[in-house]
Protein chains: 2
Amino acid sequence: MSLPHAILTALAEKPSSGLELTRRFDKSIGYFWSATHQQIYRELGRLEEKGLIRALPSARPTRGQKKEYEVLPAGRAELTAWVTDTEDPKPVRDALLLRVRAAGVVGAEDLGAELRRHLALHREQLAEYEAIEKRDFPPERNAEQDRLRRLVLRGGIGLESFWISWLDEALAELEEIDGGRA
Amino acid sequence: MSLPHAILTALAEKPSSGLELTRRFDKSIGYFWSATHQQIYRELGRLEEKGLIRALPSARPTRGQKKEYEVLPAGRAELTAWVTDTEDPKPVRDALLLRVRAAGVVGAEDLGAELRRHLALHREQLAEYEAIEKRDFPPERNAEQDRLRRLVLRGGIGLESFWISWLDEALAELEEIDGGRA
DNA sequence: GGCGGCATGTAAAATGTTACATGATTTA
DNA sequence: TAAATCATGTAACATTTTACATGCCGCC
């Protein structure tokens, strides 16, 4: 149940319309909590109904018109409570690991191509994160918010690095297996 | 759409009943593709309907009676195709990273306790994986299936190791922030 | 014959995905 | 004024989660 909190966080950082939120979920926030515009609009409606956010007065309620939202005190309170809540890590669900296990059962031919493709994707993502780190977090930016945002980014960097090194290991292993088979 | 494939993989490794599958999803397979018994029973029904698996003849169709399934050739073909399919990695969705970002907005007090709790959980999980590696994958087990299963396990080990080192970093950062605040 | 554990399921709600629909604004 | 783009939404469906319901079986 984190989508509402992701939206509250984004709005607390900066009041926005649904489309602007969608854009920010395509980068930044979305790097670790993705959402489509349909989810966002639905959730904005619910949050408004619950009194956690409101549309800015300027916004007329017609379709096709931009409608900006801001967080209300109740929303900020909800967010504060959630931050220190007890919530266990979700069990991992990773299709690629599952596919490697399946390959153990039905045979690993041609698995290499897909692994190499993923490797390239993760390298790209890592490069993107590192560019952001260089651009947005120079050493002089030291406010609490900057430090925490950088920490989150370093989570992304660590995850991508993990995948890259695991995929390297996996490809080496596949070569050995194929060697044994030839 | 990997749950059916997770189940096909598990059944291909060993024909099982719904409850046995549930047990195996609580360890082993479930370490990287979790599922509840409700999901498993429903999916078994669908897979049977599609002709990818079948209930073993011995199984009578009454409620409360054990019912074992095995994979049919069509199921094995489906699994083989899926292994080499092109399927992009899913965008990350991690509530803890999101909560740290939210803490940047509403304040990071008391975040430490939750981070320490997660750290302990990840350390436990890592220890469990390492015990399995020692127990199930001694160097002499070298068949293709063993190598691939070990590779998957090493994925789990790498992921847990990443979280542990990120949480260490995060806790150090929090201390510095609190130091600056005091 | 009742109780606890094994085993299979149903129902409802929340969440996420995919495809489509509609109005407003800009610009060629 | 037509096309492109911005912006908000609906509808239908699939998946996941949570809570509950039911039947069988051994054992005391």
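Remember, it's a predicted structure, so these values are computed and weren't measured experimentally. Numbered from 1 within each chain, the chains take letters A, B, ... in sequence-line order.
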J.: Taking the six-membered ring for Trp, are Trp82(B) and His5(B) parallel (under 30°), tilted (30 to 60°) or perpendicular (over 60°)?
T.: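 Answer is parallel, since the angle falls under 30°.
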
J.: Does Leu47(A) belong to the same Ile/Leu/Val/Met/Phe/Trp/Tyr cluster as Leu72(A), with side-chain heavy atoms less than 4.5 Å apart forming each link?
T.: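 Shared cluster, no.
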
J.: Are any of Arg93(B)'s side-chain N or O atoms less than 4.0 Å away from OP1 or OP2 of dT17(C)?
T.: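 Answer yes for this pair, as a side-chain N or O of Arg93(B) is under 4.0 Å from OP1 or OP2.
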
J.: Just how far is it from atom CG of Leu8(A) to atom CZ of Arg76(A), taken to the nearest 0.5 Å?
T.: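 Here the rounded value is 10.0 Å.
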
J.: Less than 4.5 Å apart, side chain to side chain, heavy atoms only: is that true for Ile7(B) and Phe25(B)?
T.: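 They are in side-chain contact.
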
J.: In whole angstrom, give the distance that lies between atom CG of Asp88(A) and atom P of dT17(D).
T.: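 Checked: the CG to P distance equals 14 Å.
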
J.: Rounded to whole angstroms, how far apart are CD on Glu68(B) and C1' on dC6(C)?
T.: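 Roughly 14 Å, once rounded to whole Å.
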
J.: Whole angstroms only, please: what is the CZ-P distance between Arg42(A) and dT8(D)?
T.: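 So the two atoms are 17 Å apart, to the nearest Å.
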
J.: If each of Thr36(B) and Arg46(B) is mapped to the nucleotide of DNA chain D with the nearest heavy atom, which maps nearer the 5' terminus, i.e. the 5' end?
T.: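 The 5'-side residue here is Arg46(B).
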
J.: For dT8(C), take OP1 and OP2 only and decide whether either is under 4.0 Å from a side-chain N or O of Tyr41(B).
T.: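 Affirmative; the distance criterion is met.
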
J.: Let me check something: do Phe32(A) and Leu126(A) share a hydrophobic cluster, defined by ILVMFWY side-chain heavy atoms less than 4.5 Å apart, either directly or through other members?
T.: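 Linked, Phe32(A) and Leu126(A) end up in one cluster.
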
J.: Of the nucleotides dG9(C), dT15(D), dT17(C), which has the atom closest to the Lys67(B) side chain?
T.: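 Among the listed nucleotides, the one closest to the side chain of Lys67(B) is dG9(C).
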
J.: Rounded to the nearest Å, what distance is computed from the CD atom of residue Gln38(A) to the C1' atom of nucleotide dA14(D)?
T.: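 So the two atoms are 15 Å apart, to the nearest Å.
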
J.: Would you kindly give the NE2-to-P distance between His37(A) and dG16(C), to the nearest whole Å?
T.: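 Nearest whole value for this atom pair: 16 Å.
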
J.: In degrees, rounded to 10°, what is the bend between the two ends of the helix from dG1(C)-dC28(D) to dA28(C)-dT1(D), using five pairs at each?
T.: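 End-to-end axis angle for the helix from dG1(C)-dC28(D) to dA28(C)-dT1(D): 10°, rounded to 10°.
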
J.: Please give, in whole Å, the distance from dT10(D) P to Leu44(A) CG?
T.: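 Atom CG in Leu44(A) sits about 12 Å away from atom P in dT10(D).
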
J.: Give the rounded distance in Å between these two atoms: NZ of Lys66(B) and C1' of dC24(D).
T.: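 Answer to the nearest Å: 13 Å.
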
J.: Arg54(B) pairs by salt bridge (charged side-chain N to carboxylate O under 4.0 Å, His left out) with which of Glu70(B), Glu49(B), Glu48(B), Glu68(B)?
T.: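 Answer to the salt bridge (charged side-chain N to carboxylate O under 4.0 Å, His left out) test with Arg54(B) among Glu70(B), Glu49(B), Glu48(B), Glu68(B): Glu70(B).
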
J.: Could you tell me the separation between the CG atom of Asp26(B) and the C1' atom of dA7(C), rounded to a whole number of Å?
T.: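 After rounding, the reported distance stands at 15 Å.
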
J.: After noting the C-alpha distance and the side-chain angles of Glu128(B) and Glu160(B), does the key distance pass the side-chain contact (heavy atoms from CB on, under 4.5 Å) rule?
T.: CA-CA 11 Å; Glu128(B) 197 175 327; Glu160(B) 296 304 325; over 6 Å; no

J.: Roughly how far, to the nearest 0.5 Å, is OG of Ser34(A) from CG of Asp26(A)?
T.: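 Going from CG on Asp26(A) over to OG on Ser34(A), the span is 9.5 Å.
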
J.: Please work out which residues in residues 11-22 of chain B have a non-hydrogen atom less than 4.0 Å from an atom of DNA chain C and list them by number.
T.: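 Correct list: Ser17(B), Gly18(B), Leu19(B).
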
J.: Could you state the interatomic distance from CG (Leu44(A)) to CG (Leu52(A)), rounded to the nearest 0.5 Å?
T.: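 Between atom CG of Leu44(A) and atom CG of Leu52(A) there are 11.5 Å.
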
J.: Side chain of Gln39(B): nearest nucleotide among dA11(C), dT18(C), dT16(D)?
T.: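 My answer, after comparing the listed nucleotides, is dT16(D).
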
